[in-house]
2 protein chains.
Amino acid sequence: MPQTSMEIEKATIILKLLGDKTRLTMMKLIDDEACCVCELVEIFQTSQPSISQHLRKLKDLGLVKEDRRGQWIFYSVDKCNKYYPFIKPILDQIPSQEYKLKELEEKGTRISCC
Amino acid sequence: MPQTSMEIEKATIILKLLGDKTRLTMMKLIDDEACCVCELVEIFQTSQPSISQHLRKLKDLGLVKEDRRGQWIFYSVDKCNKYYPFIKPILDQIPSQEYKLKELEEKGTRISCC
DNA sequence: TGTTTATATAAGTATATAGTTATATACTTA
DNA sequence: TAAGTATATAACTATATACTTATATAAACA
């Protein structure tokens, strides 16, 4: 029996969003810790608009929330969102991506930006 | 901490596969009960090649198994597959699709075919 | 063995999606 | 207030994907 039964249409949309390597990795990363856009740009070695567009899609569904701190906007998984119980077991089963943040710290890029 | 840590690449591929309404519904359906291709064609009101192609993708990853019974091939979720623990919590959270099989039975299409 | 039924595959098409470049917006600070 | 930095959006392009039609394969049965 379902723990939290949810519409199959919504489940499909969410799984499709998570079925992209950049977004899935990003969600795992910001499930632990808020990151700003420029950090994500550096981590994923892609363009800033590309990252913004991924975040936009996640935000449109309410999966992530933003938190402006000065000129930076920090994104993190919205654990209060009603779909969080659905995605949590998925995120829990994929390996931690914290090492990506560690790499930034070692390069000094993390501090310089945020 | 991850229960069953799995490669993020594999997780992405699986989630992308599940991020399609037909495939997700199908997986939920055949998680409970094996169905033959012609039943799935009728349930999803689409062409037979379309269903076969969806099943092919699921089978390529080992998510489903086939079982020939005479002229029919029955498909069901392969619960022994190493990725099953990953998809199980997802399937558990979406509503049962058994009513679709009930509809077939009421129409008499289920018996006539299989 | 030939015909029918069930399923798979190939090839083509239309649409969806991710990424790019260019530009706009918003905040910060000199 | 002007310049610089961070992020968002728009428009475009290239690729991926789902579906269609046509055809192949495989089993059943007359």
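Fair warning: this is a prediction, and the values are worked out from it, not measured in the lab. Each chain gets a letter, A, B and so on, in the order its sequence line appears, and its residues count up from 1.
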Residues two or more places apart in sequence or in another chain: which of them pass salt bridge (Lys or Arg N to Asp or Glu O under 4.0 Å) with [X]?
{"X": "A:R68", "answer": "none"}
{"X": "A:D31", "answer": "A:K79"}
{"X": "B:E98", "answer": "none"}
{"X": "B:K57", "answer": "none"}

Euclidean distance, atom [atom1] of residue [X] to atom [atom2] of [N] [Å, nearest integer]:
{"X": "B:L17", "N": "D:dA16", "atom1": "CG", "atom2": "C1'", "result": "13 Å"}
{"X": "B:L55", "N": "C:dA8", "atom1": "CG", "atom2": "C1'", "result": "11 Å"}
{"X": "A:F74", "N": "D:dA8", "atom1": "CZ", "atom2": "C1'", "result": "17 Å"}
{"X": "A:Q48", "N": "C:dA24", "atom1": "CD", "atom2": "P", "result": "15 Å"}
{"X": "B:L40", "N": "C:dA8", "atom1": "CG", "atom2": "P", "result": "10 Å"}
{"X": "B:E39", "N": "C:dT5", "atom1": "CD", "atom2": "P", "result": "18 Å"}
{"X": "B:L58", "N": "D:dT17", "atom1": "CG", "atom2": "P", "result": "14 Å"}
{"X": "A:Q45", "N": "C:dT20", "atom1": "CD", "atom2": "C1'", "result": "16 Å"}

Salt bridge (Lys or Arg N to Asp or Glu O under 4.0 Å) partners of residues 14-25 of chain B, not counting sequence neighbours, each pair once: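 Every pair satisfying salt bridge (Lys or Arg N to Asp or Glu O under 4.0 Å) with a residue in residues 14-25 of chain B: A:E9-B:K21.
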Donor-acceptor contact present, side-chain B:K28 to main-chain B:L91, <3.5 Å: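 Yes.
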Flag, side chain of B:E39 to backbone of B:C36, donor-acceptor distance under 3.5 Å: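 Answer holds: yes.
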Protein and nucleotides 27-29 of chain C: nitrogen or oxygen contacts under 3.5 angstrom:
| residue | atom | partner | partner atom | Å |
| --- | --- | --- | --- | --- |
| C:dC27 | O3' | A:G70 | O | 3.4 |

Sugar-phosphate only, base, or nothing, as touched by B:K21 at under 4.0 Å among non-hydrogen atoms: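 The answer is nothing, as B:K21 stays clear of every strand by at least 4.0 Å.
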Sugar-phosphate, base or nothing in reach of A:K59, heavy atoms under 4.0 Å: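 Result for A:K59 = nothing.
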Using a cut-off of strictly less than 4.0 Å, decide whether [X] has a side-chain nitrogen or oxygen near OP1 or OP2 of [N].
{"X": "B:Y75", "N": "C:dA6", "value": "no"}
{"X": "A:S52", "N": "C:dG19", "value": "no"}
{"X": "A:H54", "N": "C:dG19", "value": "yes"}
{"X": "B:K57", "N": "D:dA18", "value": "yes"}
{"X": "A:S47", "N": "C:dG19", "value": "no"}

Just to verify, what does [X] make a side-chain hydrogen bond (donor to acceptor under 3.5 Å, both in side chains) with, not counting sequence neighbours?
{"X": "A:D60", "result": "A:R56"}
{"X": "B:D67", "result": "B:R69"}
{"X": "B:K10", "result": "none"}
{"X": "A:S52", "result": "A:Q48"}

Axial bend angle, the helix from C:dT1-D:dA30 to C:dA30-D:dT1: five-pair end segments, nearest 10°: 20°
What's touching nucleotides 10-16 of chain C from the protein side, N or O pairs under 3.5 Å?
| residue | atom | partner | partner atom | Å |
| --- | --- | --- | --- | --- |
| C:dA10 | N6 | B:Q53 | NE2 | 3.2 |

Over all atoms of both residues, closest heavy-atom pair of A:F44 and A:M26: CZ-N, 3.7 Å
